[in-house]
Every structure is written in structure tokens, then in C-alpha cells.
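My structure is below; once you've seen it, I'll send some questions.
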Amino acid sequence: QVQLVESGGGLVQAGGSLRLSCAASGGTFSSYAMGWFRQAPGKEREFVAGINANGRMTNLAGSVKGRFTISRDIAKNTAYLQMNSLKPEDTAVYYCAVAVRAYVADLSGVNAYDYWGQGTQVTVSS
């Protein structure tokens with residue numbers, strides 16, 4: 001059973017930065033694709049960023065390209081989401097997710113992922 005714990009959320013002013021972390025345990029982290037999603041109140045969960053096991057293939061939602069970066073540290077079993085130039089519309093609960101396979105063709109698909117974290121709140125004030 002893979003367990004995921006997100007951290008790093010909080011309140012930040014527009015234009016600021018945050019780095020979210022997702023610590024994984026209970027599995028072979030180096031063999032898994034990972035993703036970040038977010039869900040704002042009253043909205044569907046939406047894809048933010050994804051990365052395959054080897055780190056060579058990443059995908060970012062159009063709304064965050066140029067502002068967010070996804071990365072992973074195999075030695076620490078941790079994935080990161082660096083968020084810069086934050087906007088009020090980035091306010092949401094952010095979730096990390098794991099797919100228990102190395103390669104996922106469509107990193108943006110919710111159904112591609114097998115395990116989810118509990119989420120961390122990000123609030124961007126204007």
C-alpha cells in the first residue's frame with residue numbers, strides 16, 4: 001500500500017511562490033509515475049502536472065505552464081511542485097497521486113493514478 005503525504009501549502013499573496021512536497025512510502029517510488037491535481041470549491045478536480053518514473057517526460061496544464069515546475073527526488077522518495085507567480089485562481093486543494101507503473105501515456109488523466117494523498121490547501125490572496 002502506497003501512502004502519500006503532501007506538505008508546503010499555505011497562504012501567499014499574488015505573485016508569490018510556494019513549493020509543495022509529496023512524500024511517498026510503502027512502494028517502489030523510483031518505478032512510479034506521479035502527478036499533481038487540484039480542486040477548487042465547487043469545481044472538478046483538474047490536472048496540474050505529471051512526471052513519469054524516469055523524470056524525462058513531464059506534462060503541465062496550460063494554465064500553469066511557465067509558472068509551475070514538477071520534479072522528483074528518488075533518493076528522498078519525494079515529488080515536488082514549485083509554484084511561482086501565483087494567481088488567485090490557483091487557490092485550491094492540491095493533491096499528489098501515484099500510478100504504480102513507470103510510464104503513463106496520458107499523465108493528465110485522473111483515472112491513470114492508483115493512490116492519492118490527503119491534499120494540502122493553497123490560498124492565493126489578491
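By convention here, the first residue in the shown sequence is residue 1. Just the heavy atoms: all of them, side chains too, but no hydrogens, waters or symmetry mates, feed the values below.
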**Q.** Which atom of N84 lies closest to which atom of Q82, heavy atoms considered
**A.**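 Distance-wise, the nearest heavy atoms are OD1-NE2, 2.9 Å.
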Q | Step-by-step side chain to side chain contact (heavy atoms under 4.5 Å, CB included) determination, Y95 to Q118 | A | CA-CA 7 Å; Y95 299 89; Q118 82 290 346; over 6 Å; no
(Q) With rounding to the nearest 0.5 angstrom, report the CD1 to CG distance, I51 to L81. (A)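 If I round to the nearest 0.5 Å, the distance is 11.0 Å.
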**Q.** hydrophobic_cluster_shared for Y113 and Y103, side chain cutoff 4.5 Å
**A.**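 Linked, Y103 and Y113 end up in one cluster.
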Q. What is the distance from atom SG of C22 to atom CD1 of I70, rounded to the nearest 0.5 Å?
A.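 It comes to 9.0 Å.
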Q.
Could you go through F68 and W36, starting from their C-alpha distance and side-chain angles, then the distance that decides it, and tell me whether this counts as side chain to side chain contact (heavy atoms under 4.5 Å, CB included)?
A. CA-CA 11 Å; F68 292 12; W36 286 96; over 6 Å; no
Q) Linking I/L/V/M/F/W/Y whenever their side-chain heavy atoms sit closer than 4.5 Å, directly or via other members, would V48 and V124 fall into one cluster? A)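 Linked within one cluster.
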Q: Over all heavy atoms of both residues, which pair between V100 and D114 is shortest? Give the atoms and the distance, please.
A: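 Closest approach of V100 to D114: N-OD2, 2.8 Å.
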Q) Looking at Y32 and V98, what are the two nearest heavy atoms and their distance? A)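 Looks like CD1-CG1, 3.6 Å.
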Q | Shortest non-hydrogen separation from E6 to C96 and the atoms involved | A |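 Closest approach of E6 to C96, heavy atoms only: OE2-N, 2.8 Å.
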Q) Of all heavy-atom pairs between R38 and A92, which one has the smallest distance, and what is that distance? A)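 Heavy atoms only, the tightest pair is CB-CB, 3.8 Å.
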Q. CG/L20 to OH/Y94 distance, rounded to the nearest 0.5 angstrom?
A.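 Here the rounded value is 7.5 Å.
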**Q.** Counterpart residues, side chain to side chain contact (heavy atoms under 4.5 Å, CB included), relative to S25 (two or more places apart)
**A.**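 Testing S25 for side chain to side chain contact (heavy atoms under 4.5 Å, CB included), a comparison that skips the adjacent residues, returns Q3.
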Q.
Quiz question: by atom type and distance under 3.5 Å, do the side chains of R19 and Y80 form a donor-acceptor pair?
A.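 Note: R19 and Y80 side chains miss the donor-acceptor criterion.
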Q. When rounded to the nearest 0.5 angstrom, what distance separates CG in L4 from CE in M34?
A.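 Rounded to the nearest 0.5 Å, the CG-CE separation comes to 5.5 Å.
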Q) At their closest point, which heavy atom of A112 faces which heavy atom of R101, and how far apart are they? A)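 Looks like O-NH2, 2.6 Å.
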Q | W116-F47 co-clustered via ILVMFWY side chain contacts under 4.5 Å | A |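 Same cluster.
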(Q) Same cluster or not: V5 versus F37, using hydrophobic residues (I, L, V, M, F, W, Y) connected whenever any side-chain heavy atoms lie under 4.5 Å apart? (A)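 V5 and F37: separate clusters.
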**Q.** Interatomic spacing from CG in L86 to CG in L18 - rounded to 0.5 Å
**A.**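 If we round to the nearest 0.5 Å, L86:CG and L18:CG are 5.5 Å apart.
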Q: Quick one: pull up CG in N52 and OG in S31 and give me the separation to the nearest 0.5 Å.
A: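 Here the interatomic distance stands at 12.0 Å.
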Q. Is it the case that R72 places NZ or CZ above or below the six-membered ring of F29, under 6.0 angstrom from the centre and within 45 degrees of the axis?
A.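 Geometry flag: set, cation within 6.0 Å and 45°.
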Q. Side chains of T91 and E89: is there a donor and an acceptor less than 3.5 Å apart?
A.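 E89 and T91 do not have a side-chain donor-acceptor pair below 3.5 Å.
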For residues 58-65, please give each side-chain donor-acceptor pair under 3.5 Å, one per line with the distance, not counting sequence neighbours.
none

